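Worth saying up front: this structure is predicted, and the values here are computed from it rather than measured. A note on names: the letters A, B, ... follow the listed sequences, proteins ahead of strands, and every chain is numbered from 1.
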2 protein chains.
Amino acid sequence: MKQYDHPCVAELTVTQILHALSDPFRLSIVRSLAALQPQPCAPLQGGRPKSSVSHHFAVLRAAGLVRTEVVGVTHMNSLREQELNARFPGLLAAILAACATESSATEQAATPSGEHSLP
Amino acid sequence: MKQYDHPCVAELTVTQILHALSDPFRLSIVRSLAALQPQPCAPLQGGRPKSSVSHHFAVLRAAGLVRTEVVGVTHMNSLREQELNARFPGLLAAILAACATESSATEQAATPSGEHSLP
DNA sequence: CCAATAGTTCGATAATAATGGAACTATTGA
DNA sequence: TCAATAGTTCCATTATTATCGAACTATTGG
């Protein structure tokens, strides 16, 4: 039963976290996890090859954002919200809120009238 | 009198902002500006060649974080705090707070007993 | 035990970004 | 007008990241 290394909270750095979240795909993973937790990797692939997805998850783990637990044949991912919040209060929340702001603005631009945009 | 292009707030993206701040040098520039505003580039160079500094300022401007005004022979930089906050409330503040947390933790590690660490 | 599933690791290639020297621009003070 | 100052722009080089196929690992169900 292989498990993963997760850095402890004291080791996390702001730049590493910001870098991890500065990639649109990784940010979308984190957003999905914030909405539904835990989740395996598969539903978050978005058409990418598995090796690429695996790489991005590794970056997120190294930054301390995501914890991956091996559960049977799937790897369950969750955000390290409490820990992150203990170390950098409000940081993750502010970033997620900013994403929400941004995407609702885009929706408005793309949906001028009464359409609704949930896919 | 040459001036700079600054993207308008509506154009700013979260990933661009996070990427801009994921570089330690750029983050230190932003931190300095948050403490003292406006400032020319020169005092923030930190021993780097001017072309490099100029590049990093361009990234910060493109991300919408910094505004540069030409004032005589110097270029005065300031944070676009209000605008940024209007677009992504609390984002910049949370990131700056996280930096403060991080650096105070490092100070504690480096200063075990009663020393004080202001240089 | 075998096949299927879910993901990782490796290795090569391509894309992005950082670095720094040299030449250039704009502004001011002498 | 000339020299000095403060940055920028251009360019080449290097370093970091991302991408993706192929081979590999661990776990489970049959």
Report summary line: Hits for side-chain contact (heavy atoms from CB on, under 4.5 Å) against Glu11(B), two or more places apart or cross-chain, chain-then-number order -> Pro7(B), Cys8(B)
Query raised in the report: Can you tell me how far C1' of dT17(D) sits from CG of Leu18(B), to the nearest Å?
Result: 17 Å
Query raised in the report: Which of these nucleotides, dG7(C), dT27(D), dG7(D), is closest to any side-chain atom of Lys50(A)?
Result: dG7(C)
Requested in this report: Looking only at side-chain atoms of Ser54(A), point me to the closest of dA26(D), dT8(C), dG7(D).
Outcome: dT8(C)
Query raised in the report: Under the side chain to side chain donor-acceptor pair (under 3.5 Å) rule, what pairs show up with a residue in residues 38-63 of chain A, not counting sequence neighbours?
Result: Arg26(A)-His56(A), Arg61(A)-Thr68(A)
Query raised in the report: What is the distance from CD of Glu69(B) to P of dT8(D), rounded to the nearest Å?
Result: 13 Å
Requested in this report: Only counting residues at least two apart or in another chain, list the ones meeting side chain to side chain donor-acceptor pair (under 3.5 Å) with His75(A).
Outcome: Tyr4(A)
Grab the N/O contacts between the protein and nucleotides 18-21 of chain C below 3.5 Å, and write none if there aren't any.
residue: dA18(C); atom: OP1; partner: Arg26(B); partner atom: NH1; Å: 3.0
residue: dA18(C); atom: OP1; partner: Arg26(B); partner atom: NH2; Å: 3.0
residue: dA18(C); atom: OP2; partner: His55(B); partner atom: NE2; Å: 3.0
residue: dT19(C); atom: OP2; partner: His56(B); partner atom: NE2; Å: 2.6
residue: dG20(C); atom: N7; partner: Ser51(B); partner atom: OG; Å: 2.8
residue: dG21(C); atom: N7; partner: Ser51(B); partner atom: OG; Å: 3.2
residue: dG21(C); atom: O6; partner: Ser51(B); partner atom: OG; Å: 3.1

Query raised in the report: Whole-Å distance between dA26(C) C1' and Gln3(B) CD?
Result: 12 Å
Query raised in the report: Taking only N and O in the side chain of Tyr4(B), is any of them less than 4.0 Å away from OP1 or OP2 of dT8(D)?
Result: yes
Requested in this report: Output all residues satisfying side chain to side chain donor-acceptor pair (under 3.5 Å) with His6(A), sequence neighbours left out; order by chain, then residue number.
Outcome: none
Query raised in the report: When the distance from CD1 of Ile29(B) to C1' of dG7(D) is rounded to whole Å, what number comes out?
Result: 13 Å
Requested in this report: Please identify each residue that fulfils side chain to side chain donor-acceptor pair (under 3.5 Å) with Glu83(B), with sequence neighbours left out.
Outcome: Arg67(B), Arg80(B)
Requested in this report: Hydrophobic side-chain clustering at under 4.5 Å (ILVMFWY, transitive links): who's grouped with Val71(A)? Put none if nobody.
Outcome: Met76(A)
Requested in this report: Could you list all the ring-ring contact (aromatic ring centres under 6.0 Å, His included) pairs where at least one residue sits in residues 26-53 of chain A, not counting sequence neighbours?
Outcome: none
Enumerate all atom pairs, one protein N or O and one N or O from nucleotides 11-16 of chain C, separated by less than 3.5 Å.
none

